[in-house]
Engineer: 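Submitted below is the structure of interest, expressed as structure tokens.
Hydrogens, waters and symmetry mates play no part in the numbers below; they use all other heavy atoms, side chains included. Convention: sequence-line order gives letters A, B, ...; per-chain numbering from 1.
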Amino acid sequence: MTMKKGDHLFLVDGSGFIFRAFHALPPLTRKSDGLPVGAVSGFCNMLWKLLTDARDTSVGVTPTHFAVIFDYSSKTFRKEIYDAYKANRSAPPEELVPQFGLIRQATRAFNLPCIETEGFEADDIIATYARQAEAVGADVTIVSSDKDLMQLVTSTVHMYDSMKDKQIGLPEVIEKWGVPPEKMIDLQALVGDSVDNVPGIPGIGPKTAAQLLEEYGDLETLLSRAGEIKQVKRRESIINFADQARLSRQLVELRTDVPLELDLDALVLEPQDGPKLIGFLKAMQFGTLTRRVASACDCNADEIEPTEVTVEWGEAARGPDLDAGTAASADTGGAGADAPASPAKAAVAKGTGEATPASLAETRVAAFGNAKIDTTAYVTIRDVDVLDEWIAAARETGLVGFDTETNSLDPMQAELVGFSLAIADNAENPSGQTIRAAYVPLTHKTGVGDLLGGGLDENQIDPRKALDRLKALLEDPSVLKVAQNLKFDYLLMKRHGITVENYDDTMLMSYVLEAGKANHGMDGLSERWLNHKPIAFKDVAGSGKSGVTFDFVAIDKATAYAAEDADVTLRLWMVLKPQLAAAGLNRVYERLERPLVSVLADMEERGITIDRQILSRLSGELAQKAAAFEDEIYELAGERFNVGSPKQLGDILFGKMGLPGGSKTKTGQWSTSASVLEDLAAEGAELPRKIVDWRQLTKLKSTYTDALPGYVHPETKRVHTSYSLASTTTGRLSSSEPNLQNIPVRNAEGRKIRTAFIATPGHKLVSADYSQIELRVLAHVAEIPQLTKAFEDGIDIHAMTASEMFGVPVEGMPGEVRRRAKAINFGIIYGISAFGLANQLSIERSEAGDYIKKYFERFPGIRDYMDSTKAKAREDGYVETIFGRRINYPDIKSSNPSVRAFNERAAINAPIQGSAADVIRRAMVQMEPALEKAGLGERVRMLLQVHDELIFEVEDADVDKAIPVITSVMENATMPALSMRVPLKVDARAASNWDEAH
DNA sequence: AGCTAATCCTA
DNA sequence: GTAGGATTAGCTA
């Protein structure tokens with residue numbers, strides 16, 4: 001049958017698949033003898049899926065012709081052109097070797113042509129067939145995700161990434177590489193490929209290459225007009241390496257004239273030979289697929305004998321040097337298994353009527369520490385009526401442990417996969433045995449472990465129905481919901497239109513009880529308090545390349561894991577709740593921790609807009625400047641090296657160039673830190689200065705201008721950071737993915753990044769920050785009259801300090817004098833040491849010691865504060881903030897002097913840093929009600945917190961009204977709980993971007 | 001791919 | 001000298 005228009009040819013890159021599957025799929029061995037068969041299994045599943053079901057994948061069409069292509073050997077025409085081609089390829093992993101042959105046998109078992117040609121790579125064969133098919137008007141799907149094949153993509157030739165079920169067509173190539181497929185060859189020629197040893201042009205990466213091709217059209221034009229390029233380094237590199245680029249092009253360009261034994265028409269898809277295929281699958285012991293094939297072809301698998309398969313273990317196995325550089329990264333997922341939570345508020349578990357908090361706490365710890373947790377008793381709820389019964393039981397007791405399972409750790413992207421509930425039937429006498437738990441799967445998939453999986457498991461409750469029931473429960477204020485790291489679940493539920501009411505978070509409870517002592521993750525809490533080690537997430541879903549998202553976890557395994565989480569969480573609540581009362585920490589929990597859950601979830605959900613154009617322009621500028629520095633650096637060093645490698649740099653600076661004054665890091669490497677380089681520069685060396693500048697530029701580029709756009713949410717188009725409530729010891733928040741608490745501000749170059757954080761049209765960003773809050777806290781806790789007075793009078797605190805210490809009048813004070821006083825003030829907050837101060841000010845240690853002595857003479861209250869704080873830490877094992885938050889220092893009595901000194905400094909710092917953190921937490925909790933009251937509820941939205949600063953987005957017309965409200969809330973945040981001896985001062989400004997607002 | 005060390009960004 | 005998080009290199013698997 002002649003191939004024609006409307007036919008559809010599938011070309012599977014068998015060699016590429018082997019490597020990718022090997023890395024991307026879980027290791028799997030044949031049960032009977034341990035033969036590694038993971039890649040074979042993945043391969044068979046993929047073929048079966050494509051042959052029977054291609055229409056339902058994102059390919060969307062059914063094949064009429066089909067072939068699997070392999071590399072023949074490492075001796076190809078490319079090797080003749082360029083001896084080093086693929087030269088640095090190491091031998092394939094041992095487990096992979098026998099699978100090369102097996103995959104060829106699998107292909108034949110599927111009745112598919114298995115094609116390879118001596119002297120050519122699989123890619124060339126694929127290219128040849130693809131062009132031939134195109135010529136006769138047929139469509140082509142290349143099953144591979146290798147970038148080397150992307151040059152073949154046209155409107156009728158597509159690629160298909162079977163592991164991600166993703167079609168790669170023209171738009172995808174352009175999106176990924178910035179050039180259309182026909183320019184991929186030129187792009188790769190410029191960029192090169194370290195895996196295959198394609199040289200390319202040094203200093204040209206994908207971004208630059210795309211830009212150059214955009215400007216000059218193609219490689220030859222670029223090379224001939226290279227003299228026009230403005231950037232010196234780039235121009236020279238291209239001129240010098242032009243021939244290398246031409247060679248690279250030859251290596252990268254795929255041949256479309258490979259002599260083929262089978263012509264296109266011979267690739268027509270033959271019907272499956274059921275028994276033959278089943279025989280092979282049985283030999284491999286692939287049970288699930290065997291059954292599936294048997295039912296599809298109406299065979300009785302039991303009657304079919306396993307085929308003899310040939311296993312080549314040794315070097316004879318063909319296919320040693322294929323592309324190992326295309327390993328897929330399977331997303332790992334699942335949430336709720338991580339962070340710690342906080343205590344509960346409702347008095348549901350009443351305990352025994354007369355018990356004191358302390359005795360109840362003790363009883364609970366003993367009861368739950370000894371209770372055996374039976375993880376086999378968990379229930380899987382697949383029926384709405386059963387779910388209703390559980391919800392009714394939760395209403396009855398007024399208490400429920402709750403946890404969600406999702407396919408992502410990012411609550412803004414995660415989709416709900418299921419949820420679990422735990423109920424204490426007899427809360428009056430909680431022995432631990434009375435707790436039962438269930439998992440409600442909603443969107444689990446069938447065919448777990450198969451490459452492409454199956455569809456939705458039918459036997460699950462309709463998610464809409466389940467969510468209706470769940471909403472009623474979660475929003476019911478008479479039922480206390482207990483979760484671990486509730487902010488995740490809270491935000492997830494909010495995205496489903498559910499606002500959780502009345503909750504406790506065991507992570508936050510632990511944080512209040514044990515900050516500094518232990519971490520607050522559920523697994524650790526469970527081991528400490530319940531004497532029980534929960535199932536690890538990676539044991540149910542795997543990790544890394546072999547990890548799957550939770551919807552691909554089999555429901556029975558999922559139930560054991562998920563229900564256990566809810567069970568453990570509820571037990572932890574039973575143990576931790578009475579301890580809060582016993583330790584007198586209920587107020588800290590209820591006023592500084594729990595209310596932040598919804599406040600932060602709202603802020604995270606809002607996100608902030610960034611201007612990607614600004615960032616991309618900045619990125620380009622930074623790249624050019626950095627490249628220029630590299631040039632000069634190589635010149636000065638006399639050789640090319642990786643400037644970003646401290647190791648290589650150290651060897652050049654202190655070895656080759658023999659510069660003096662090198663210090664070593666702990667691991668014995670030369671230190672090349674900025675301060676070392678600055679010192680060298682001060683002594684006249686040119687290179688170190690350039691390195692410092694280069695580092696600054698590349699830091700800004702990699703961490704900010706290049707990384708931030710990747711965090712823009714696909715739907716909201718905004719950046720949503722994640723705040724952690726319980727990852728610092730002092731009570732500060734932390735921000736991650738991305739960290740928006742370390743956006744540059746200290747120099748002009750870095751500040752440009754802030755201009756990319758913008759308000760939506762018609763709005764302004766308002767930034768309000770506390771002035772000197774930590775020094776004010778210090779003045780308050782240490783009761784320092786001069787400091788207090790200075791803050792009351794609004795005078796420059798560092799100048800005042802300098803004036804006190806050095807007897808210099810504030811008027812006309814030299815900048816250097818004030819700078820030293822400022823360093824000392826900060827030093828005090830950090831638990832000053834002569835060593836540290838000397839370092840900071842680049843002075844002798846003895847001189848720094850004199851400063852400190854002088855400071856303490858002038859401010860004796862500070863020395864008293866430091867001494868009493870250290871004494872308290874030694875006595876009690878913890879220190880406290882002005883709102884009663886405890887920070888533990890279990891190692892304060894360490895016999896190691898440096899460990900002890902470190903703990904002492906931290907203990908001195910903690911009440912200051914922690915109190916300031918408490919103040920801003922209070923401000924954040926009070927902010928929304930205050931704005932609401934001022935009629936600004938909907939129009940002023942708090943977006944970010946940066947330790948002493950809050951950033952809002954405000955409608956233009958409301959800015960003047962909002963600023964006084966915001967300022968007032970922040971300045972009065974300690975009230976009415978506490979009145980400070982020192983006033984708090986807040987500065988607020990509005991502008992269209994963060995740089996100008998700050 | 002997962003881990004650590006080194007570095008550098010913030011308050 | 002306090003408190004964090006992200007990136008890169010380079011090693012190990």
Engineer: With heavy atoms under 4.0 Å as the rule, sort A:Ser735 into base, sugar-phosphate or nothing.
Structural biologist: sugar-phosphate

Engineer: In terms of side-chain heavy atoms of A:His998, which of B:dA11, C:dA6, B:dC8 is nearest?
Structural biologist: B:dA11

Engineer: Would you kindly give the CD1-to-P distance between A:Ile908 and C:dT2, to the nearest whole Å?
Structural biologist: 10 Å

Engineer: Mind checking if A:Ser727 touches a base, just sugar-phosphate, or nothing, with heavy atoms under 4.0 Å?
Structural biologist: sugar-phosphate

Engineer: At 4.0 Å (heavy atoms only), tell me whether A:Ile829 reaches a base, stays on the sugar-phosphate, or touches nothing.
Structural biologist: nothing

Engineer: Quick one: do A:Arg885 and A:Glu593 make a salt bridge, cutoff under 4.0 Å?
Structural biologist: yes

Engineer: Between the base of C:dA3 and the side chain of A:Arg905, is there a donor and acceptor pair under 3.5 angstrom?
Structural biologist: no

Engineer: Nearest to the A:Arg695 side chain among B:dT7, B:dA11, B:dA6, which nucleotide is it?
Structural biologist: B:dT7

Engineer: Tell me the closest heavy-atom pair linking A:Ser767 and A:Glu949, and the distance in Å.
Structural biologist: OG-OE2, 2.6 Å

Engineer: Measure the distance from NZ on A:Lys752 to P on B:dC9 and round it to the nearest whole Å.
Structural biologist: 15 Å

Engineer: For the side chain of A:Asn739, starting at C-beta, report the closest nucleotide among C:dT2, C:dG5, B:dT7.
Structural biologist: C:dG5

Engineer: Taking donor-acceptor contacts at under 3.5 Å, does the side chain of A:Lys699 reach the base of B:dC8?
Structural biologist: yes

Engineer: Whether the A:Thr665 and A:Ser671 side chains hold a donor-acceptor pair (N or O, under 3.5 Å, no angle test) is what I'd like checked.
Structural biologist: no

Engineer: Examine B:dC8: is either OP1 or OP2 under 4.0 Å from a nitrogen or oxygen in the side chain of A:Arg746? Give yes or no.
Structural biologist: no

Engineer: Kindly indicate whether the side chain of A:Gln741 and the base of B:dT10 share any N or O donor-acceptor pair separated by less than 3.5 Å?
Structural biologist: no

Engineer: After noting the C-alpha distance and the side-chain angles of A:Glu749 and A:Lys625, does the key distance pass the salt bridge (charged side-chain N to carboxylate O under 4.0 Å, His left out) rule?
Structural biologist: CA-CA 12 Å; A:Glu749 196 68 36; A:Lys625 290 182 190 170; 3.4 Å; yes

